[in-house]
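Just so it is clear, the model here is predicted, and its values are computed rather than measured.
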Amino acid sequence: MKGYKHKPQEQKAQPINWTQVLVAVFCVVMAVGMVVSMFGTSWLNFFTTIKENDRVLVDFTFYDELDRPVVTTSQSIYQRAVERNDVIFFADRMTLIAGTTIQRDLVPIQVFSQYTAPNLEFGLFGPEIDEMNYAVIGQKVGSSINVDIPMSVDLVRFTDNAQFTQIAGDILDLVQIGDQLPISFSETPQIALDDAIPQTYLRTATITEITDEGVTFSYGYPYVALTISELRAN
């Protein structure tokens, strides 16, 4: 009939199939549970703030005053430095104890370098590790921070030409400012009574000044880049 509009039929609401809903929810919960179980409880560490005496595993890279990496746990940083012909050492991750002080002047860490013999030990000074131990407090797993090493400004040494030749060999006429120089340190520099050779640890120094009288070099590292990789059980 003209002018008549057909009124659409109202759609009846379909009843909810609660069985299907519960099955779907159960499947989701099971899937999440399987993923969580794969990680155990370690995933909770990402939300935990590091506190004093916590043990943390860190990746690290120490940099010299020319911003060159000298020892690192990063394969990519190590490889790029090798390609530039820089003197660099590759190390394993280090375990720190947050908020503690090292009771040693020198702490050896195992390192590798393609330029030198295997099974080398690199020497880190106690205050360098102390700065790292205190810097991780308040951080979380996955955090990356740069830690200043204030003592680095004091780690400078002048050697006259004769002393430099004893340390580095007959290369005085070849070195330039900015050159890297591997040097060694010992916790017991005094000659032992039994004539035993003291254990020495390597570091990399940077030549900062050359004069007619001798050579000055710095063996301090102004900062270390840290990435907190894991929070370990005490």
Checklist entry - Between F217 and D179, is a side chain to side chain contact (heavy atoms under 4.5 Å, CB included) present by the stated rule, with each step listed? => result CA-CA 9 Å; F217 56 85; D179 283 352; over 6 Å; no
Checklist outcome for this item: For I137, the hydrophobic cluster (side chain heavy atoms closer than 4.5 Å, chained through members) also holds Y134
Next on the checklist: Do I228 and V136 have side chains that approach each other closer than 4.5 Å (heavy atoms only, starting at C-beta)?
Outcome noted: yes
Next on the checklist: How close do S113 and I88 get, counting heavy atoms only, and between which atoms?
Outcome noted: OG-O, 3.4 Å
Next on the checklist: Between E128 and R203, does any side-chain N to carboxylate O distance fall below 4.0 Å?
Outcome noted: yes
Checklist entry - Just by modelled atom types, is the D160 backbone N or O under 3.5 Å from a matching donor or acceptor in the Q163 side chain? => result yes
Next on the checklist: I'd like to know if the side chain of Q180 and the backbone of V87 have a donor-acceptor N/O pair within less than 3.5 Å.
Outcome noted: yes
Next on the checklist: Between T227 and D59, does the side-chain hydrogen bond (donor to acceptor under 3.5 Å, both in side chains) criterion hold? Intermediate values first, please.
Outcome noted: CA-CA 5 Å; T227 297; D59 283 281; over 6 Å; no
Next on the checklist: Just checking N161: does its CG atom have more than 12 heavy atoms from other residues, nucleotides or ligands closer to it than 6.0 angstrom?
Outcome noted: yes
Item to check | Trace of the side-chain hydrogen bond (donor to acceptor under 3.5 Å, both in side chains) decision for T216 with R157 | outcome: CA-CA 6 Å; T216 301; R157 179 177 175 183; over 6 Å; no
Checklist entry - Is the side chain of R84 donor-acceptor paired with the backbone N or O of D86 at a distance under 3.5 Å, no angle test? => result no
Next on the checklist: How about CG on D92, more than 12 heavy atoms from neighbouring residues, nucleotides or ligands closer than 6.0 Å, or not?
Outcome noted: no
Checklist entry - Distance only, no hydrogens: is a donor on one side chain within 3.5 Å (strictly under) of an acceptor on the other, for T48 and K140? => result no
Item to check | Minimum side-chain heavy-atom gap I109-M94 below 4.5 Å | outcome: yes
Checklist entry - Ignoring hydrogens and geometry, is there a side-chain-to-backbone donor-acceptor pair from D130 to I102 under 3.5 Å? => result yes
Checklist outcome for this item: Contacts of P150 meeting side chain to side chain contact (heavy atoms under 4.5 Å, CB included) (sequence neighbours excluded), chain-then-number -> E131
Item to check | Trace of the side chain to side chain contact (heavy atoms under 4.5 Å, CB included) decision for D54 with L231 | outcome: CA-CA 7 Å; D54 280 345; L231 178 59; 3.8 Å; yes
Item to check | E230/V56 under side chain to side chain contact (heavy atoms under 4.5 Å, CB included): CA gap, chis, key distance, verdict | outcome: CA-CA 6 Å; E230 183 181 327; V56 293; over 6 Å; no
Item to check | Side chain proximity check, L202 to E121, heavy atoms < 4.5 angstrom | outcome: no
Next on the checklist: Any heavy-atom pair between the side chains of L155 and F125 that's under 4.5 Å?
Outcome noted: yes
Next on the checklist: Tell me whether I145 shares a hydrophobic cluster with I50, the cluster being built from Ile, Leu, Val, Met, Phe, Trp, Tyr side chains joined at under 4.5 Å.
Outcome noted: yes
Checklist entry - Looking at Y78, Y201, F122, F60, which hits ring-ring contact (aromatic ring centres under 6.0 Å, His included) with F89? => result F122
Checklist entry - Do the ring centers of Y219 and F185 come within less than 6.0 Å of each other? => result yes
Item to check | side chain to side chain contact (heavy atoms under 4.5 Å, CB included) partner of N133, chosen from T101, L96, N53 | outcome: L96
Checklist entry - Ring centroid separation for F112 and F90, is it under 6.0 angstrom? => result no
Checklist entry - V224 and N146: side chain to side chain contact (heavy atoms under 4.5 Å, CB included), yes or no, with the steps? => result CA-CA 6 Å; V224 54; N146 288 342; over 6 Å; no
I'd like a table of donor-acceptor pairs (distance under 3.5 Å, sequence neighbours excluded) in which one partner is a side-chain atom from residues 64-72, with atom names and distances.
| from | atom 1 | to | atom 2 | distance (Å) |
| --- | --- | --- | --- | --- |
| D64 | OD1 | L66 | N | 2.9 |
| D64 | OD1 | D67 | N | 3.1 |
| D64 | OD1 | R68 | N | 2.8 |
| D64 | OD2 | R68 | NE | 2.9 |
| D64 | OD2 | R68 | NH2 | 3.1 |
| D64 | OD2 | T206 | OG1 | 3.4 |
| E65 | OE1 | S218 | OG | 3.3 |
| D67 | OD1 | Y223 | OH | 2.5 |
| R68 | NH1 | G178 | O | 2.8 |
| R68 | NH2 | G178 | O | 3.1 |
| R68 | NH2 | T206 | OG1 | 3.2 |
| T72 | OG1 | T61 | OG1 | 2.7 |
| T72 | OG1 | S74 | N | 3.0 |

